[in-house]
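Read through the structure below, which is laid out as structure tokens, and then see the notes.
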Amino acid sequence: MRKKLFFYSAVLAVGIFLLNKFASVFYWYSAMPQFDMIMHTLGGIFIAIWGSAILLPALKNTRPIVWTIVLSALVLIVGFLWEVFEFSVQGIMHLETLANIPDSLSDMVCDLFGGVIGSAFVIIKIKSYNRAHAEKLGSE
């Protein structure tokens, strides 16, 4: 199961990278103001799936709500660190449009939303995996 979760997160990372590349080439960030929200949501989904692959041994026998809380907290921590990075770059490079408080808050809400979606995906995948393995053991 862990390998599958790493695979899903890798596919998502490549997709996010390509989407960001196209967005930079075609100016989607400025042409579509909500595009940043889409990217933060996808980033939250990625972090939740990737985090679940890493934390699977520790959380394997816990309830879905614990998965959701832990993965959402991880996503918020990474999202917060990203916002600190944006503010740091803005300060170092003397940019005026990279980061501001309202944008950072909406980014973190989108990160959290993506984290919840990613958590739901992980929970569904784990339940499906456990059900398939229980049936396999029952038929032996």
Side-chain angles (χ1 to χ4, degrees):
M1 181 67 207
R2 200 169 184 198
K3 287 181 183 178
K4 285 185 178 185
L5 291 171
F6 276 123
F7 174 76
Y8 296 139
S9 65
V11 169
L12 191 54
V14 169
I16 291 169
F17 173 80
L18 292 173
L19 193 56
N20 186 61
K21 189 67 176 164
F22 281 110
S24 295
V25 170
F26 296 110
Y27 305 101
W28 291 346
Y29 286 104
S30 56
M32 296 181 277
Q34 277 66 31
F35 188 77
D36 184 50
M37 293 177 166
I38 294 168
M39 294 301 284
H40 275 275
T41 302
L42 290 173
I45 294 169
F46 163 74
I47 294 297
I49 296 171
W50 176 78
S52 70
I54 290 173
L55 297 172
L56 184 63
L59 296 173
K60 188 164 53 174
N61 297 318
T62 59
R63 296 179 15 204
I65 189 67
V66 174
W67 276 95
T68 304
I69 291 169
V70 169
L71 294 176
S72 295
L74 176 65
V75 167
L76 281 177
I77 290 167
V78 172
F80 175 77
L81 292 173
W82 179 259
E83 295 306 317
V84 168
F85 169 75
E86 281 187 351
F87 274 96
S88 299
V89 168
Q90 179 174 312
I92 292 167
M93 299 184 79
H94 305 292
L95 302 171
E96 293 182 23
T97 59
L98 184 60
N100 59 54
I101 299 296
D103 177 63
S104 293
L105 290 174
S106 75
D107 289 350
M108 290 186 67
V109 167
C110 291
D111 292 337
L112 181 59
F113 181 64
V116 171
I117 292 170
S119 298
F121 175 82
V122 167
I123 290 164
I124 290 167
K125 288 296 180 185
I126 288 173
K127 283 185 178 183
S128 173
Y129 177 82
N130 290 342
R131 192 171 24 255
H133 276 68
E135 290 173 5
K136 188 177 182 181
L137 290 174
S139 65
E140 290 179 355

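A quick note: this is a predicted structure, and the numbers were derived from the prediction, not measured.
- The shortest distance between side-chain heavy atoms of Thr41 and Asp111 does not fall below 4.5 Å.
- Open room surrounds CZ on Phe7; 12 or fewer heavy atoms of other groups in view lie less than 6.0 Å from it.
- For Val122 against Ala48, the heavy-atom pair with the smallest separation is CG2-O, 4.3 Å.
- One distance of note links CD1 of Ile47 with CG of Leu71; it measures 10.5 Å at 0.5 Å rounding.
- For the residue pair Ile49 and Leu5, the shortest heavy atom distance occurs at CG2-O, 3.5 Å.
- By the 4.5 Å heavy-atom criterion applied to side chains, Asp107 and Glu86 are counted as neighbours.
- Distance check, rounded to the nearest 0.5 Å: CH2 of Trp82 to CE of Met108 gives 13.5 Å.
- Atoms CD and CG, on Glu83 and Leu105 in that order, are 8.5 Å from each other to the nearest 0.5 Å.
- Two residues are said to be in side-chain contact when any heavy atoms from C-beta on lie closer than 4.5 Å; Arg2 and Pro57 meet this criterion.
- No side-chain donor-acceptor contact under 3.5 Å links Trp67 to the backbone of Ser119.
- At a threshold of 4.5 Å between side-chain heavy atoms, the hydrophobic network of Ile, Leu, Val, Met, Phe, Trp and Tyr places Phe22 and Tyr27 in two separate groups.
- In the hydrophobic clustering of this structure, Tyr29 groups with Phe26; members are Ile, Leu, Val, Met, Phe, Trp, Tyr whose side-chain heavy atoms approach within less than 4.5 Å, directly or through other members.
- Residues Leu56 and Ile126 have side chains in contact (heavy-atom distance under 4.5 Å, counting atoms from C-beta outward).
- Residues Val109 and Val84 do not share a hydrophobic cluster, clusters being chains of Ile/Leu/Val/Met/Phe/Trp/Tyr side chains in contact below 4.5 Å.
- Using a 4.5 Å heavy-atom threshold, the side chains of Val75 and Ile45 count as separate.
- Remark: the backbone N or O of Asn20 is paired with a side-chain donor or acceptor of Ser24 at under 3.5 angstrom.
- For the pair Ser9 (side chain) and Phe6 (backbone), a donor-acceptor distance under 3.5 Å is present.
- Proximity of Thr62 to Leu59: side-chain heavy atoms (C-beta onward) are separated by under 4.5 Å at one or more points.
- Here the CD-SG distance, from Gln34 to Cys110, works out to 9.0 Å after rounding to the nearest 0.5 Å.
- Counting heavy atoms from C-beta on, the side chains of Ser104 and Phe87 come closer than 4.5 Å.
- Closest approach of Ala13 to Phe46, counting heavy atoms only: CB-CE1, 3.7 Å.
- Atom CH2 of Trp50 has 12 or fewer heavy atoms from other residues, nucleotides or ligands within 6.0 Å.
- The CD1 atom of Ile117 sits 12.0 Å away from atom OG1 of Thr68, with the distance rounded to the nearest 0.5 Å.
- Smallest separation of non-hydrogen atoms from Leu112 and Ser72: CD1-CB, 3.7 Å.
- Classification of the Phe35-Trp28 ring pair by plane angle, with boundaries at 30° and 60°, yields perpendicular.
- In this structure, the separation between CG on Asn130 and CG on Asn61 is 8.5 Å, given to the nearest 0.5 Å.
- Using a 4.5 Å cut-off between side-chain heavy atoms of Ile, Leu, Val, Met, Phe, Trp and Tyr, with links allowed through other members, Ile124 and Leu42 fall into different hydrophobic clusters.
- You'll find the side chain of His40 stays beyond 4.5 Å of the side chain of Phe113, heavy atoms only.
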Problem set entry | Test log, rule side chain to side chain contact (heavy atoms under 4.5 Å, CB included), inputs Lys125 and Met1 | CA-CA 9 Å; Lys125 288 296 180 185; Met1 181 67 207; 3.6 Å; yes

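- In the hydrophobic clustering of ILVMFWY residues, with side-chain heavy atoms under 4.5 Å counting as a link, Val116 and Tyr8 come out apart.
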